[in-house]
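Numbered from 1 within each chain, the chains take letters A, B, ... in sequence-line order. Worth saying up front: this structure is predicted, and the values here are computed from it rather than measured.
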Amino acid sequence: MSRYIIGRIGQALLVLWVAFTAAFLLLQALPGDAILIKFQNPELGLGPDQIAALREAYGVDSPLWAQYLQALGNFLAGNFGYSVQGSVPVSQELLANLPATARLAGFGFSLAVLVALGLAFLATLAPFAWLRSAIQAIPSLFISVPVFWLGIMLIQTFSFRLKWISVINPGEWEGLILPVITLAVPISAPLAQILMRNIDEVSTQPFVAVARAKGASPGWVLWKHVAKNALLPTLTIAGILFGELLAGAVITETVFGLNGIGGLTERSVRFQDASVIQAVVVFSAACFVAVNLIVDLLYPVFDPRLRKAKGAAA
Amino acid sequence: MTSFASIDAFTTTPATVSRTNNLFGRLRGVNPGLVLAWLVIALVIAWAIAPQLFTSFNPVQGVPSEKLKAPTLIHILGTDALGRDLFARLVYGAAHSLTGAFVAVVVGLVAGTALGVIAGSTGGLVEEAAMRLVDVLLSIPGLLLMLSIIILLGFGTVNAAIAVGITSVASFARLSRSEVVRVRRSDYVEAAFGSGGTFLSVLWRHVLPNSLTSVLALAALQFGSAILAISTLGFLGYGAPPPTPEWGLLIAEGRNYISTAWWLTTAPGIVVVVVVLAANRISQSVGKGR
């Protein structure tokens, strides 16, 4: 078992290293560069020799392999370089923006889970067949909606038409309502789909038939027998959902003009601030790998059947 | 645009072959939702090929006196701030959004399937390396990967499409590899090798055709998500430059008038939703058709 864990951690580190290298190579091959974009502006009145001095200070003219080794060393030491546009260390910028995004993502994810559970249960328990199939179709509708458009529609409806939520200087929590809904919709869809499929699958199992034959109501069967077994496999898409959450944050924060990792990402793409992008890419890859690793390692804890299989094999 | 038609021809075959051959039986087996999905896609493709048949207005040149008009019988979806007919812009925009999505799917399909087929049929170290590469691609959130590629390639319709395509390479590679591995173990492939087929000929004659159905279902699904992704990039301003009536850009432009001209954001969004829904519905039917 411990060999398995070490192997999985090694694999995760390998993926991270390749992601770092790929991001580095990709972003170093940029046609323009952030320093020129920021400092070539004639209003700053910098001469060519001053720009050259700046380039040397940022280390953009040394050979590629030297830059790579230095960047890798710095990354391992937790130093992600300087944000050219923001004129602060990237790590500082990430840390400053992390809490807002974490809050948005946390609420968004919780709401998504609730919506997905609600949809999945309703799709099984709703009284009429047509209603059940209508509810089953909702996740595919959610998947097809552009997130940015959803955000705009929500603003249009609730802020301008109904005037429930003010757009100008909303309170801290009031301003979070629409972004959280916007973020939750695309996350809830794949969750609900997987849940519905699992509920269908588990419902065909003999033990469910037995429970029903004993006279249990549909709600009881669903809650006591099916739900437990249907929830577990949703863990496997946790990593993918995390990626969706981050992508959703980029769009949501742009649409609603919020500060956070997403807005930071959008700005740094606009100004070709490669070191910020690279840090965000490696950061999100690290989170993805970590989430998947944790899920893989925790799975046997939640599912005793897997533990037994492992024990028998060892 | 002929390439659209050929893809269509491909995707319909598996679904119809499995049904009975007489026309009556085929009609009875048809699902109204699926027909509607095909009609939507056909209509949008027609918009892209011959936009002038659907609207007489100019999508780029506006009439200033007609600006920000709510939907009427003449301007069925209203006009924007420069007096351009929104419906005309949507119709002409279909070409940009569809070509973009098409390029994206082709990039993903060709590169991903090549990677997956090579990995699945050679095995060993090559397979290991290719699949690790796929893991890395999957570990980076799609939008971030697109944005990274876009700052590398620069802004523009084609570049945005390529970026979207590259993000789908991983899923195509995974799927085609598993399909190839599955097919390769089957009896008829062993028989083909046994009766003297070379590696490449067996791959071409037996392995590829039999792994294609699910790959095509994924292609249809990716077509829908590519339309979404391209409109997202257009909205963020990384796709086609402004006068272009690209759907995402239309929504971005309408955003400045949400308090006064609701139709400018609502209509393009609904078009995107309907087209993506149709593509996903078709993908579902292709997946089940085998």
>> Heavy-atom pairs under 4.5 Å with chain A - which of B:I150, B:L133, B:L147 has more of them than the others?
In response: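 That would be B:L147.
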Is it the backbone or the side chain of [X] that comes under 4.5 Å from a heavy atom of chain B, or both, or neither?
X: A:V280; value: both
X: A:L150; value: neither
X: A:V255; value: both
X: A:T265; value: side chain
X: A:I143; value: both

>> Set out, in order, the CA-CA distance, both residues' side-chain angles and the distance that settles side-chain hydrogen bond (donor to acceptor under 3.5 Å, both in side chains) for A:T101 and A:E253, then state yes or no.
In response: CA-CA 9 Å; A:T101 303; A:E253 287 175 0; 2.9 Å; yes
> When only pairs under 4.5 Å are counted, which of A:S140, A:A285, A:A286, A:S268 shares the most heavy-atom pairs with chain B?
Replying inline: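 The answer is A:A285.
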>> Could you check whether A:E266 and B:Y238, counting side-chain N and O atoms only, form a donor-acceptor pair closer than 3.5 Å?
In response: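 Yes.
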Is there a side-chain contact between [X] and [Y] (heavy atoms, below 4.5 Å)?
X: A:M153; Y: A:V145; result: no
X: A:F148; Y: A:V250; result: no
X: A:F288; Y: A:L246; result: no

Determine all donor-acceptor pairs shorter than 3.5 Å in which one atom belongs to a side chain in residues 217-227 of chain B; sequence neighbours excluded.
| residue | atom | partner | partner atom | Å |
| --- | --- | --- | --- | --- |
| B:Q222 | OE1 | B:S225 | OG | 3.4 |
| B:Q222 | NE2 | B:S171 | OG | 3.4 |
| B:S225 | OG | B:L221 | O | 3.2 |
| B:S225 | OG | B:Q222 | O | 3.3 |

